[in-house]
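Each chain gets a letter, A, B and so on, in the order its sequence line appears, and its residues count up from 1. The model shown is predicted, which means the values in this text are computed figures rather than measured ones. Worth knowing before you read on, the calculation uses all heavy atoms, side chains too, and leaves out hydrogens, waters and symmetry mates.
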Amino acid sequence: MSLRLLKYAFIEDYAEPCWFNTPATLGESYDVIIIGAGGHGLACAHYLAHDHGINKVAVLDRSYLGGGNTGRNTTIIRSNYLTPEGVAFYDASLALFRDLSDALDTNIFYSERGHYTLAHNESTLRTARWRAEVNKHYGIDSEVVDAEEVARAVPGIDLACGGNHAVEGALYHAPGAVARHDAVAWGYARQASRAGVEIHQHTEVTDILVEGGRVTGVVTPRGTVRAGAVLSAVAGHTPSVLAMVGLNSPIEIFPLQACVTEPVKPWLDTIIVSGSLHLYVSQSARGEMVMGASLDPAELHSRRSSFEFVSGLADGMLDLFPGMAGLKVNRQWAGMADMTPDFAPVMGTTPVAGFYLDAGWGTWGFKATPISGKTMAATIANGRDDPLIRAFNLSRFDDFSLVGEKGAASIGH
Amino acid sequence: MKYADFPLLGRRPFTEFSISGVLEPEPAELGEWTAARWVFERTSVPRERVEWWYHGASRLWFLVRRDTGSDTILAIEPARTGSRS
Amino acid sequence: MIRRLPPRDGEWIDRDASFSFLFEGEPVQAYGGDTITSALAASGRRTLARSFKYHRPRGILSLANHDANVLLETDTATNLRADVTAPEPGAHYRAVNTFGGLRHDAGRVLSLFAPVLPSGFYYKAFYRPRFLFPWWEKLIRHAAGLGRAKLDSISPRLPRRHVFCDLLVVGAGASGLAAARVAADAGANVVLVDEQARPGGSLNHLRAAEDSDGAWRRECLAALAEADNLTLVSGSYAAAFYADHCLPLVGADGITLVHARAVVLACGCYEQPAVFRNNDLPGVMQAGAAARLLRLYAVAPCTAGVLLAGTPGAYASALDLVEQGLALSAIVDIGSGAAAADRERARAAGVQVFEDAVPLEAIARGGELAGLRISAGSGRLHSTIDCDGLLMAVGQAPAAGLLVQAGGRLAWDGALGQPVPSALPPGVYAAGSLNGMQTFDARIADGAAAAAAALAACGITAPASAAPPRATGPLSHAHPIFPHARGKAFVDFDEDLTIDDLRTAVREGFDSAELMKRYSTIGMGPSQGKHANVNGLRILAELTGQEIGVVGATTPRPFVHPVPLAALAGRRLRRVWRTPLDAWHRAHGGVMHEAGTWQRPRCYGPGDHAAAVAREHAAVREQVALIDVSTLGKIEVFGADAEALLEYAYPCSFARLVDGMTRYVFMTDGGGTLIDDGVCARIAADHFYLTTTSSQAQNVLRLLELYAAELALDVALVERTFALGAINLAGPRSRAVLAALSDIDLAASTFPYLAWREGQLAGVDARVMRVGFVGELGYEIHVPASRTAAVWTALMAAGREHGIAPFGVDTQRLLRLEKGHVIVGHDTDGTTTPFEAGLGRAVAKSKPRHVGRHALAVLRERTRRTLAGFVTHHARAGEIADCLLVIEADRIAGRVTSVGTSPAVGAVIGLVMIEQELARPGRRIDIRLADGALVAAEIAPTPCYDADNARQALEEPGSAAATDATPGKAVVDEAESPVLGAYPQPAFSHVVCDGMRLARRAGARPEASSWLLDLAHLSARVVVGRGADAWLDAQGVTRPGTVQSACVQWGDGLVVRSHVDEYLLVAGSTGAPADTAARAAPGRHGEALVMTAERAHFALLGPAWEAILAELCAAPLGGAAPAWRAVRLAHCDVGLWCVAGAVPHWRVLASAADARYLFDVLAACLDEQGGALASAEELAALSGV
């Protein structure tokens, strides 16, 4: 038992010091204001302080800390992407994730499980081979395995899928992992707080002040605050924040839903994604089956749940795992996915000096939390795009130089 | 499951439609727009907008005014009326 | 059954139906109507399970599914909620999550570690050193989870029905029954649902003073039973409130998805526990649970009971329970606010009353409740009361999950001591105890008022009634929370959370409702906080010094109770399209595979795949062969603006396309990405015939309809993908075979390459195109779907002397690769532009306006990669596969998109998408195999076979003479049903009855009252174009006015105006003379085109179909049924209409490709409902004909 837990037993009425630095009053000015106290915003605050010594930083959120997509995703972490830029970026994130519990002094339950992207027809199997070959080229542990290998590794799976679209093989990515998403946000928040960063919840940024093409501060119901730099890390609310600085983007917001079953004894150790059935499942540390599917069909700025999602998911899931028919869905929720035309993020500098963007995270945001924080911190500290994210700049759309993730034409999870 | 009263079709679930966003026919000239802005730019903020919805079973398009914040339908009209243009 | 009490009126058990089951290996007696928990309680057992984290003994808390204490599993099912689940005779139940059984659960040791397992302990330990974590994680995962998933016992999927009503009332308690009664009397279409086995809600077990003998409830239920406009759904719970008043009612037989115009939420309240040390001991339960045991199951909750009174009503309910047989020795009043008279009445009944008391701790003996230590009175005297039952009557919280999901909001009512609805969305009304009503009269009046308001919103007149005022006095104790220095005061029984855990969370910074929940996991267990959330908020308010009204609450999400995946999934429906040649392929060794929704042969046996492909390859190259390409998209484009539409939709130009000729076409999206390709034939200046790839057929039609609407063009688009079969006849001898069957002049001069001609083929109207996809002399033959199999068979017969053979998709792919043809979607991906796919030259620069023009203008200048052919003789070339990478100086320079061993070249050839600089013919490239080895290859110009199209110009000896051959000898006469034709004969016998050709399944139940008929023999036509109106008038056909309107004509025939300039005519079954239009000869009539419709046509007779259609179709079909509806039925786009007359019934028109799948689904549903496929005798008897 670690020392931290023993204190609870032997020190009377013991509690650890408050994790978050949430001062009652909002300061006059800060070097950097980060809009959005989700995983990305808090990670950036952490790395600004720890990598660049910048701690006159305030992280503002319209609601509670970690209440956005950080608290609503299904916690899958992988780097078997299709494009060289994507592979390099997500693999750097994986490396940070492996040591994150230690770095944040918080056990984020980073658990390497192995990740299967199932192919139910020839075209998705070809795409799997394409991704495997690109991954191997960049030293990512990723390979195409046949259906029998899937059956050996995944208990309860029905390769015939009930008689239609049988599993023909899969892209297997051994480093694929899951982690406790809340712990990542809280860990970053605590380390940033320890370094002096301020976190202000229930403080909505209603406008951003721009003078002479440069950002000078933000307006909130608790007063106006001056800032040397402003970072927007608000995922599903990005278009509204961009409007405050007169910028446009290709981002479109779609609800992305997920659900969990009642907890059962662990039986599924790996992460299963089906490209053709557009659904995925893994089992959490608490024993719940965490399941999701593709985006909702129409743009909507809301986190409402729908019957079509959960019944469509069940319809496909029971083809993959007939034995799950008796498990009961206990809860369903939704996040707001900020989608981009090439399924790659929109990061870094923008035409407005001092205004930085960390957005376009669609269905692939949680796995990028550490590296997006680190690269955004470096970008803000140096005032220019970190090399790892240069390909993701908003300006790429101006000359059609898209990142080719959509080449695989199927949204990965 | 959401429903609406559609002209020509009556009360139908949204699931019978494939919903596209705001669509404009490609203009002959772009004016001050760049090709990139024309192809990629979106205004994805909660607002009332007119969308194009396609009903596969009847092969009819509809213009639907919808609030993308509350998902409420405000008006629906067939994209092509029977009248000879 | 030592705790069973004598019979009482209103008990739910059936004492004549006794049986036994096993619990933890020991037999337990039960009656019919018992739940597992009530039977266990009757047997005197109190410890029924172990808690999730500390494995503390647990028993009954709510007995109403408001907690998840008693979760059991059997060999086949897990996480069973024993409180509300009936036991099965002989079943063996075990408590979940125990190690070594309930009594000796080794997990008990965990409670010793409680001091070092505070809230969020797992965030604070075992991550240093990193290598230790996997061991610790394995330990946590082993301890996690409740029951075991039973992966090998597969519970069946349950069908789901759509129900449309005016008013849905959730909860059949006092207010719900009153609301339903008002609505039913007003003639509204009402659904009343209650999760308990019987309606009545709390009236069943908590006798409200005014309805002590249940007279009002019985009278009300009798009236509702009489009302045929009310549906009572018992034993089902409204699991969620989705947009547009959509609520899934989940029962044992599946989900009823209700779509209501208005909803009255009369869901009642969840009784709340008090929080004090050891309040989780078996024997401590809510007063409501004791009332259910006593009144519903005739079980004594205890032998010596104490009641914790925290509300004014506690005394009345206590005495009521005593009257029911409760052995109550004392009442501990923790500030109930009850009147002195109540106390006196209790004392008069021999019950000791401790006033102004505080529960200090419950005392355990053998892990179960043995006594309660309290401090009472002004002197704070401590005393211990021996008891084996402690009933908590300290308050309630509204069951408001549905209300908040609906968009309603709650506000804390200090006077009542609980939240009450403060804002309701349109069409949603709250009633009863959920709405802060306490007395029976108030709940009845509130229900009636809510119903009246709801009906008014639906425009249904009902007697107005005023909503009564809410209760004034407290309904809940303000703060039933009594911390103890040594802890173990439980707030959330699911998650084993104590007051100390919440205090730790708040002090460590998780000081809002949402953060406290996520960190401590309060409310995240199986019962989702029903018994914990309100107490949690009281503790949070106290710890943060805020008013409880300000603290806010967490968001209740679906589901109110967990819903099995088997119910959510519904019936398994997998749409499958079959070509008209499907049966032939299967009968002749076709190796079928799924190509999207279609089924297609890859090649034909016997022998292994490579041998079959080689054999078929040779047949095409040297003799003649044919392939089924019916899956291609096929669209007629007809009207004055037909060419204008195509010029806008496609980047290639149609200016030089003349009548009688075809051209290759490709389509891009607005961003310049290739999405489809095909062939376009110009039939006339105002009439074009398009083909598309199989996978994009529906998408291209959708886009063309969009562009026609956007530009308001005068054009009609007719989908013929499923109406026409298509056969590609290819090979040097193809002309000779065709000449033997067709009157078309096939001479190369009059029928050149890329031309199309129409004419008779084996007596069938055919449109034939000379296309060279596989690089040989070839003809693509398009004929009506119902004639395709016969034409194919005629071609096979005529070609036998020429060595004809069928070939499949895999062979076609190799042949087209040798000819260098790109496959969109295979060689191209989600980002490929025409310039990268060798189609740049065909992008018309001069066209002023077309989709993608602006993007293509940019992309033309920045093309950096291209598709190129390659050839390799390397030893390991056979291992090259699609998507392997091209490596240049250790950098990815491209990838293989297609590869194959070419008999024509005698080497491995293929296509690569590669950087442009490397695409020079002769350039060496390295392809990396899966194991990393590099295989050298050489860029080669494409095509590597028949580069000069010489194969198209083959003048077969004597072929010119074919023109004088007698026109088509073998003639196809009889249309073949797309359904029955494909059915193996023994399953069906054909009977013809007054024009209706009936299908009768062998062995169907004779007494069936519902039937399914196949009416494919009834001819149907599509009439399209500006001239359609005039043509119909000339035929004497009455034309429906607006689009998608229809009129029944010629007996049971039909005329539908299906699109702007398109009509669908279906012949009547009585063969009325006037329905000649529905049998008119296809062809052009001035400004109108008449075409065969080729639809599958079913008749659905009998009462069973209403429920079946309510399952398979989400569109409302009741009410004033319009004559015609184009709807989605079992995933298929169909036409549905009603035929009146002697036997009113439904008709379905589906595509020929969907026919077999849809017929199977309808037949399966019919079997379940006891229906049958119709027979002549039954129909004759039925229609009195």
| task | Please check if any side-chain donor atom of R180(A) sits under 3.5 Å from a side-chain acceptor atom of Y122(C), or the reverse. | result | no

| request: Below 4.5 Å from any heavy atom of chain C, which atoms of R190(A) appear? Answer side chain, backbone, both or neither. | output: neither

| Relative to chain A, which segment of R507(C) carries a heavy atom at a distance below 4.5 Å: side chain, backbone, both, or neither? | both

| message | So for Y64(A), is it side chain, backbone, both, or neither that comes closer than 4.5 Å to the heavy atoms of chain C? | response | side chain

| field | Per-residue contact mode, A930(C) against chain A (heavy atom under 4.5 angstrom) | value | both

| Side-chain H-bond candidate by donor/acceptor type, N107(A) with R4(A), under 3.5 Å | no

| field | Heavy-atom closest pair, residues S142(A) and L171(A) | value | OG-CD1, 3.3 Å

| query | Is a side-chain donor-acceptor pair under 3.5 Å present for Q332(A) with R557(C)? | reply | no

| task | Please state whether the side chain, the backbone, both or neither of K136(A) comes within less than 4.5 Å of a heavy atom of chain C. | result | side chain

| said: Quick check against the 3.5 Å criterion: does K150(C) have a side-chain atom that pairs as donor or acceptor with the backbone of S155(C)? | reply: no

| field | Q201(A) versus chain C, the contacting section by heavy-atom distance below 4.5 Å | value | side chain

| query | Between T897(C) and D827(C), do the side chains contain an N or O donor and an N or O acceptor separated by less than 3.5 Å? | reply | yes

| Q599(C) and H593(C), any side-chain heavy atoms less than 4.5 Å apart | no

| field | Most contacts with chain C, counted as non-hydrogen pairs under 4.5 angstrom, among H202(A), M317(A), E262(A) | value | E262(A)

| task | Below 4.5 Å from any heavy atom of chain C, which atoms of L268(A) appear? Answer side chain, backbone, both or neither. | result | backbone

| request: Give, as side chain, backbone, both or neither, the part of V260(A) having an atom under 4.5 angstrom from any heavy atom of chain C. | output: neither

| Checking A132(A) against chain C: side chain, backbone, both or neither under 4.5 Å from a heavy atom? | neither

| query | Is a donor on one side and an acceptor on the other found under 3.5 Å between the side chain of W333(A) and the backbone of R72(A)? | reply | yes

| Portion of R575(C) that has a non-hydrogen atom of chain A nearer than 4.5 angstrom | neither

| message | Checking R865(C) against T831(C): is there a side-chain donor and acceptor pair closer than 3.5 Å? | response | yes

| message | Given heavy-atom pairs under 4.5 angstrom as the criterion, report whether the side chain, backbone, both or neither of F133(C) touches chain A. | response | side chain

| said: Determine whether R141(C) and D269(A) satisfy the following criterion, salt bridge (charged side-chain N to carboxylate O under 4.0 Å, His left out), listing intermediate values before the conclusion. | reply: CA-CA 10 Å; R141(C) 270 174 77 79; D269(A) 293 332; 2.7 Å; yes

| message | If you count heavy-atom pairs within less than 4.5 Å of chain A, which of L257(C), I255(C), L71(C) leads? | response | L257(C)

| task | Counting only heavy atoms closer than 4.5 Å, note whether D342(A) contacts chain C via side chain, backbone, both or neither. | result | neither

| Which one of N97(C), T828(C), T78(C) has the most heavy-atom pairs closer than 4.5 Å to chain A? | N97(C)

| Heavy-atom neighbours of H1131(C) NE2 exceed 12 at 6.0 Å | yes

| said: Assess the residue pair L139(C) and F126(C) against the criterion (side-chain contact (heavy atoms from CB on, under 4.5 Å)); give the C-alpha distance rounded to whole Å, side-chain angles, the decisive distance to 0.1 Å, and a yes or no. | reply: CA-CA 11 Å; L139(C) 191 66; F126(C) 301 102; over 6 Å; no

| task | Would you sort out whether R895(C) and I927(C) count as a side-chain contact (heavy atoms from CB on, under 4.5 Å), showing the intermediate values? | result | CA-CA 8 Å; R895(C) 71 180 172 104; I927(C) 297 170; over 6 Å; no

| field | Heavy-atom contact with chain A under 4.5 Å, split by part of Y242(C) | value | side chain

| Measuring heavy-atom distances to chain C, does H165(A) have an atom under 4.5 Å in its side chain, in its backbone, in both, or in neither? | both

| query | In terms of heavy-atom pairs under 4.5 Å, which option from V563(C), V96(C), I154(C), T504(C) contacts chain A the most? | reply | V563(C)

| Do E514(C) and T554(C) have side-chain N/O donor and acceptor atoms under 3.5 Å apart? | no

| remark: With chain C, the option among L65(A), D99(A), L318(A), T22(A) that has the most non-hydrogen atom pairs under 4.5 Å is L318(A)

| Counting heavy-atom pairs under 4.5 Å to chain C, which of W267(A), F109(A), F321(A) comes out on top? | F109(A)

| field | Under 3.5 Å donor-acceptor, T106(A) side chain and L104(A) backbone | value | yes

| Is it the side chain or the backbone of R304(A) that comes within 4.5 Å of chain C heavy atoms, both, or neither? | neither

| query | R130(C), R160(C), R518(C): which one forms the most heavy-atom pairs within less than 4.5 Å of chain A? | reply | R518(C)

| remark: Whatever's closer than 4.5 Å to a heavy atom in chain A on P558(C) counts as both

| message | Looking at R113(A) and Q283(A), would you say the former's side chain and the latter's main chain have a donor-acceptor pair under 3.5 Å? | response | yes

| query | Of the backbone (N, CA, C, O) and the side chain (C-beta and beyond), which part of P118(C) lies under 4.5 Å from a heavy atom of chain A, both, or neither? | reply | side chain

| field | Pair E288(A)-T261(A), side-chain donor/acceptor within less than 3.5 Å | value | no

| For V576(C), is it the side chain, the backbone, both or neither that has a heavy atom under 4.5 Å from a heavy atom of chain A? | side chain

| Most heavy-atom pairs under 4.5 angstrom with chain A, which of R864(C), R503(C), R81(C)? | R81(C)

| Proximal component of R128(C), with respect to chain A [non-hydrogen, under 4.5 Å] | side chain

| message | Taking side chain as everything from C-beta outward and backbone as N, CA, C, O, which of these in R148(C) sits under 4.5 Å from a heavy atom of chain A? Side chain, backbone, both or neither. | response | both

| message | Which atoms of E594(C) are under 4.5 Å from chain A, going by heavy atoms: the side chain, the backbone, both sets, or neither? | response | side chain

| Flag, side chain of K53(C) to backbone of A114(C), donor-acceptor distance under 3.5 Å | no

| field | Parallel, tilted or perpendicular: rings of H162(C) and H259(C) (30°, 60°) | value | parallel

| field | Heavy-atom contact with chain C under 4.5 Å, split by part of N121(A) | value | neither

| query | What part of Y110(A) is in contact with chain C, defined as an atom under 4.5 angstrom from a non-hydrogen atom: side chain, backbone, both or neither? | reply | backbone

| message | Under a 3.5 Å cutoff, is there a donor and acceptor pairing between the side chains of D182(A) and Y519(C)? | response | no

| So what's closer than 4.5 Å to chain A heavy atoms on R928(C): side chain, backbone, both or neither? | both

| said: Counting only non-hydrogen atoms closer than 4.5 Å, does R862(C) touch chain A with its backbone (N, CA, C, O), its side chain (CB onward), both, or neither? | reply: side chain

| request: Please state whether the side chain, the backbone, both or neither of S284(A) comes within less than 4.5 Å of a heavy atom of chain C. | output: backbone

| message | Less than 4.5 Å to any heavy atom of chain A: does that hold for the side chain of T555(C), its backbone, both, or neither? | response | backbone

